[in-house]
**Q** 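Mind having a look at this structure? Questions to follow.
Order of the sequence lines fixes the chain letters, A, B, ..., with proteins taken first and strands second; residue numbering starts at 1 for each chain. Quick note: numbers below take in every heavy atom, side chains included, and nothing from hydrogens, waters or symmetry partners.
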4 protein chains.
Amino acid sequence: MPKSPPRHVSSGGAVEPAVRRGRPTGDHVAKRAELLKAAASVIAQEGYAGASLRKVAQRAGYTTGAVTYYFANKEELVTALIESRFDRYEEMLEAARGQADIKALIEQWLALTTGDPEYWPVMSQLLAHARFEPAFAALIERRYARYREVHTSIIAAGQALGTIRDDIPADLLADQLSAMGDGWMMMFPFEPERFTPGRIQALVDAAIALISPAPDTRRTSGP
Amino acid sequence: MPKSPPRHVSSGGAVEPAVRRGRPTGDHVAKRAELLKAAASVIAQEGYAGASLRKVAQRAGYTTGAVTYYFANKEELVTALIESRFDRYEEMLEAARGQADIKALIEQWLALTTGDPEYWPVMSQLLAHARFEPAFAALIERRYARYREVHTSIIAAGQALGTIRDDIPADLLADQLSAMGDGWMMMFPFEPERFTPGRIQALVDAAIALISPAPDTRRTSGP
Amino acid sequence: MPKSPPRHVSSGGAVEPAVRRGRPTGDHVAKRAELLKAAASVIAQEGYAGASLRKVAQRAGYTTGAVTYYFANKEELVTALIESRFDRYEEMLEAARGQADIKALIEQWLALTTGDPEYWPVMSQLLAHARFEPAFAALIERRYARYREVHTSIIAAGQALGTIRDDIPADLLADQLSAMGDGWMMMFPFEPERFTPGRIQALVDAAIALISPAPDTRRTSGP
Amino acid sequence: MPKSPPRHVSSGGAVEPAVRRGRPTGDHVAKRAELLKAAASVIAQEGYAGASLRKVAQRAGYTTGAVTYYFANKEELVTALIESRFDRYEEMLEAARGQADIKALIEQWLALTTGDPEYWPVMSQLLAHARFEPAFAALIERRYARYREVHTSIIAAGQALGTIRDDIPADLLADQLSAMGDGWMMMFPFEPERFTPGRIQALVDAAIALISPAPDTRRTSGP
DNA sequence: CATGAATGAGATTTCATTCAT
DNA sequence: GATGAATGAAATCTCATTCAT
């Protein structure tokens with residue numbers, strides 16, 4: 001019984017049949033992922049405004065029509081891209097939540113975002129444009145709200161343990177750290193040469209120092 | 001160069017042709033300023049990608065031709081806009097440099113950026129796109145480099161005076177603060193309702209607390 | 001002619017290849033009929049211009065490929081659809097020809113066209129477009145010519161019997177009635193709410209009155 | 001003080017300045033009319049579905065961009081076209097209303113619609129498509145409602161005078177006549193050769209005969 | 001001085017059709 | 001026998017830019 005093609009599968013499901021029967025499915029999911037990668041690459045290099053479907057198609061080695069075959073819209077393509085990026089971050093966040101260690105989280109965030117040299121360039125473009133596409137804006141608001149919660153709870157846990165300074169409310173600290181990250185993300189693409197691994201590490205260390213309890217003073221105030 | 005319409009002065013210059021008699025020389029400059037204002041408004045509302053010259057002209061109450069008459073092309077218009085925005089910040093910075101008080105600078109920066117509700121929305125758009133227009137990118141790199149210097153020297157002065165913690169190098173602190181500012185700028189347009197004056201002040205206070213020396217514990221531990 | 005997929009029989013023919021064994025021969029015919037039904041439905045709802053093969057396939061629950069498998073191309077699909085619609089009318093017409101009663105024919109035509117709420121919407125679309133596809137135009141010209149003949153002869157018979165006014169030639173009356181029908185067909189889809197069963201009946205009654213002989217006045221003027 | 005261009009002037013106003021000052025206005029209104037004519041011509045020849053802006057532009061001797069300069073949309077172009085066609089009919093109708101003579105109206109309608117060989121072909125296309133463009137549908141419903149009123153009142157007046165049969169309510173007669181007109185309009189483009197002036201006149205005469213009072217019967221019933 | 005008509009390139013999107021599997 | 005991936009052409013629309021007036 002013929003079915004309409006499995007178009008526009010939302011990101012999560014990787015429910016591939018264990019045994020592919022009949023004709024190879026052409027692997028809709030994989031093709032979409034391939035196109036998303038091409039889109040990210042184009043956005044990183046040409047910016048969101050300069051990223052036409054044509055260029056995405058070319059980079060992936062297809063025709064424009066193929067892109068719109070796999071994604072109904074440009075909007076849908078970009079939405080899927082944003083989702084996939086956030087999914088990666090969220091995965092990491094879930095893992096980090098168990099550890100309740102903000103420093104570890106920062107390090108992992110660093111590994112994630114610097115592991116892919118396109119991560120910051122792409123995210124900054126998506127973020128800048130999201131406001132003008134209601135679908136994106138909603139998506140980002142939703143996700144960010146969740147991150148803020150998790151960040152805040154991790155920091156609060158750190159404060160309870162005494163590993164994080166407690167003279168500033170956890171939610172403000174969370175916002176500060178997020179803002180720093182977003183700020184680096186925005187500036188990185190301008191002068192990637194300034195953001196050497198060494199300097200990035202120094203910035204991260206400094207951030208950790210900023211949120212750590214006042215050094216040794218407690219001990220000093222002892223007997 | 002087919003025609004040489006009125007010299008497109010970079011920003012402040014009043015290099016008007018001597019030929020004009022009687023008519024106020026300021027006309028040209030004033031009209032450019034008007035168009036820049038319209039451009040900022042359009043960019044804030046529709047994003048950089050959505051800001052066509054036609055819309056700018058319409059918003060300013062001019063004709064399409066007027067825009068390209070007063071600005072050689074779109075790039076020049078946006079360049080002038082970026083310059084004008086940076087000029088405002090730089091003015092403030094020069095004043096603040098004398099005071100050598102980072103806290104005062106932060107407060108003034110806050111007054112500047114929140115005084116105009118379009119400041120953050122416009123800057124975030126310009127920043128996001130600047131990378132893809134060499135002229136913009138160069139401009140921004142140049143300006144930012146100077147700001148970093150001034151910020152760093154102000155912070156270093158604060159460290160010397162003991163008003164700023166000195167366990168983190170001044171240049172890193174400067175970068176952290178800048179990143180926070182940029183981060184807020186990026187997120188503000190998404191959820192302006194989250195950035196109430198109260199919360200912004202709390203964030204700023206928290207930022208100041210972060211860079212302040214460990215609170216009087218040392219002195220307390222004294223005699 | 002690159003490939004010769006299953007013979008695309010014009011409409012009724014069951015010229016299935018003898019090769020198929022076991023499987024019901026009616027499949028092919030039935031599937032074509034199903035697709036035709038879907039096509040009619042799509043055309044009624046979205047108009048001819050808005051009726052893409054994809055939509056037809058979707059509505060029928062088939063794949064894109066299926067449509068072009070069962071019909072060589074769009075033209076053939078639509079041709080088959082037109083034929084099938086005309087076939088229904090023609091069937092009725094043949095039956096009516098024996099009765100030689102124009103009033104009965106009108107009533108039957110009414111039953112046919114209002115029995116299926118999509119009849120007028122579909123026909124009006126097909127009619128409007130037929131002119132620009134030579135195949136359709138030829139088909140329609142041919143069919144209409146026959147109808148005109150039959151209508152005319154039925155009306156002429158009525159005139160001979162005195163049940164239809166004879167001060168207007170039968171062929172003109174036939175054209176008038178056809179035009180009225182086509183006119184209603186065109187306007188019906190606009191304001192279906194105006195064409196209540198009651199009003200339609202009134203229009204039909206009025207049409208019958210128009211073509212009836214002057215009401216018994218002649219006889220009344222008798223003795 | 002520059003003003004934004006006078007785009008999208010609604011059909012009615014021919015308020016041209018008596019004295020054109022400065023640069024010739026380029027005659028926005030005239031250009032729009034020119035493009036409408038081209039559009040009508042393309043629609044008549046290629047059908048609504050086949051009438052692309054490109055073809056319209058080509059026929060008018062412009063580029064596609066020029067068309068969208070004068071009309072924001074394809075929709076706006078077609079709306080303007082429909083309006084202009086209806087305006088012509090309405091003008092005539094207003095004139096005819098004074099005469100209160102349905103026969104004269106029919107003759108004038110005939111002159112109007114057959115005077116321009118594209119009238120019927122264009123109108124039939126517009127009508128067929130109007131249903132799928134809410135803007136068109138609304139426009140047509142509104143106009144037709146008015147026509148029905150005027151037609152009905154003219155016919156009623158004729159009935160009062162005894163020049164029109166009064167055994168059928170005026171509104172039904174009006175609908176019958178309109179339907180005939182629409183029906184001819186639909187079929188004419190198929191077989192223009194059948195609609196010779198002679199046959200059209202015969203059809204019109206027949207229509208008039210249909211709605212005339214029963215001939216001479218009144219007189220016959222006299223002494 | 002300044003306008004606004006017009007261009008031409010490019011973007012998104014839709015679609016009938018082809019064809020390897 | 002049937003699928004659905006992929007194509008390529010065309011359509012609508014937007015826009016920076018040019019240029020005669």
**Q** Would you call B:Glu76 and B:Arg32 a salt bridge, taking side-chain N to carboxylate O under 4.0 Å as the test?
**A** yes
**Q** Aromatic ring centroids of D:Phe136 and D:His129 under 6.0 Å?
**A** no
**Q** Just the rounded figure in Å: distance from P of E:dT3 to NE2 of D:His28.
**A** 17 Å
**Q** Does any donor atom in the side chain of B:Gln45 or B:Arg59 lie under 3.5 Å from an acceptor atom in the other side chain?
**A** yes
**Q** Measuring from the side chain of C:Lys74 (C-beta onward, heavy atoms only), which nucleotide among E:dT12, E:dT17, E:dA6 has the closest atom?
**A** E:dT17
**Q** Hey, could you give me the NZ/CD1 distance between A:Lys55 and A:Ile43, rounded to the nearest 0.5 Å?
**A** 11.0 Å
**Q** Expressed as a whole number of angstroms, how long is the span from B:Leu77:CG to F:dC15:C1'?
**A** 14 Å
**Q** Toward the 5' end of DNA chain F, which comes first, D:Thr64 or B:Glu75, by nearest nucleotide?
**A** D:Thr64
**Q** Would you indicate which nucleotide in E:dA16, F:dT7, F:dA16 comes nearest to any side-chain atom of A:Tyr62?
**A** F:dT7
**Q** Taking NZ from B:Lys31 and C1' from E:dT3, how many angstroms apart are they, rounded to a whole number?
**A** 12 Å
**Q** Report the distance from atom CG of A:Asp27 to atom P of F:dT3, rounded to the nearest whole Å.
**A** 20 Å
**Q** Counting only side-chain heavy atoms from C-beta out, which of F:dC13, E:dG10, E:dC15 sits nearest to D:Asn73?
**A** F:dC13
**Q** Counting side-chain heavy atoms from CB outward, which of F:dC13, E:dT3, F:dT12 is closest to B:Thr63?
**A** E:dT3
**Q** Side chain of A:Ala66, heavy atoms from C-beta onward: which of E:dA2, F:dT7, E:dA11 has the nearest atom to it?
**A** F:dT7
**Q** Can you work out whether B:Ala49 or D:Ala51 has the more 5'-proximal nearest nucleotide on DNA chain F?
**A** D:Ala51
**Q** Quick one: label C:Ala57 by what it contacts on the DNA or RNA (base, sugar-phosphate, nothing), any heavy atom closer than 4.0 Å.
**A** nothing
**Q** Which residue, B:Leu35, B:Thr64, B:Thr68, forms the side chain to side chain contact (heavy atoms under 4.5 Å, CB included) with B:Leu53?
**A** B:Thr68
**Q** Between A:Arg54 and C:Lys55, just flag the one whose closest nucleotide in DNA chain E comes earlier from the 5' side.
**A** A:Arg54
**Q** A:Thr68 side chain: which of F:dC13, E:dT14, F:dA2 is closest?
**A** E:dT14
**Q** Rounded to the Å, how far apart are B:Gln58 CD and F:dT14 C1'?
**A** 13 Å
**Q** Now, which nucleotide makes the Watson-Crick or G-U wobble pair with E:dA11, with each of the two distances under 3.5 Å?
**A** F:dT12
**Q** When rounded to the nearest 0.5 angstrom, what is the spacing between CG in B:Leu126 and CD1 in B:Ile82?
**A** 5.0 Å
**Q** Between F:dT12, F:dT17, E:dT13, which nucleotide has the shortest distance from any of its atoms to the side chain of A:Leu53?
**A** E:dT13
**Q** Using both distances under 3.5 Å as the test, list the Watson-Crick or G-U wobble partner of E:dA20, or none.
**A** F:dT3
**Q** Identify which nucleotide among E:dT12, F:dT17, F:dT3 has an atom closest to any side-chain atom of A:Ser52, counting heavy atoms from C-beta outward.
**A** E:dT12
**Q** Please report, rounded to the nearest Å, how far the C1' atom of F:dT17 is from the CD atom of B:Glu76.
**A** 14 Å
**Q** Quick one: B:Tyr69 OH to F:dC19 C1', roughly how many Å, whole number?
**A** 14 Å
**Q** Whole angstrom is fine here: how far is it from OH in D:Tyr48 over to C1' in F:dA11?
**A** 12 Å
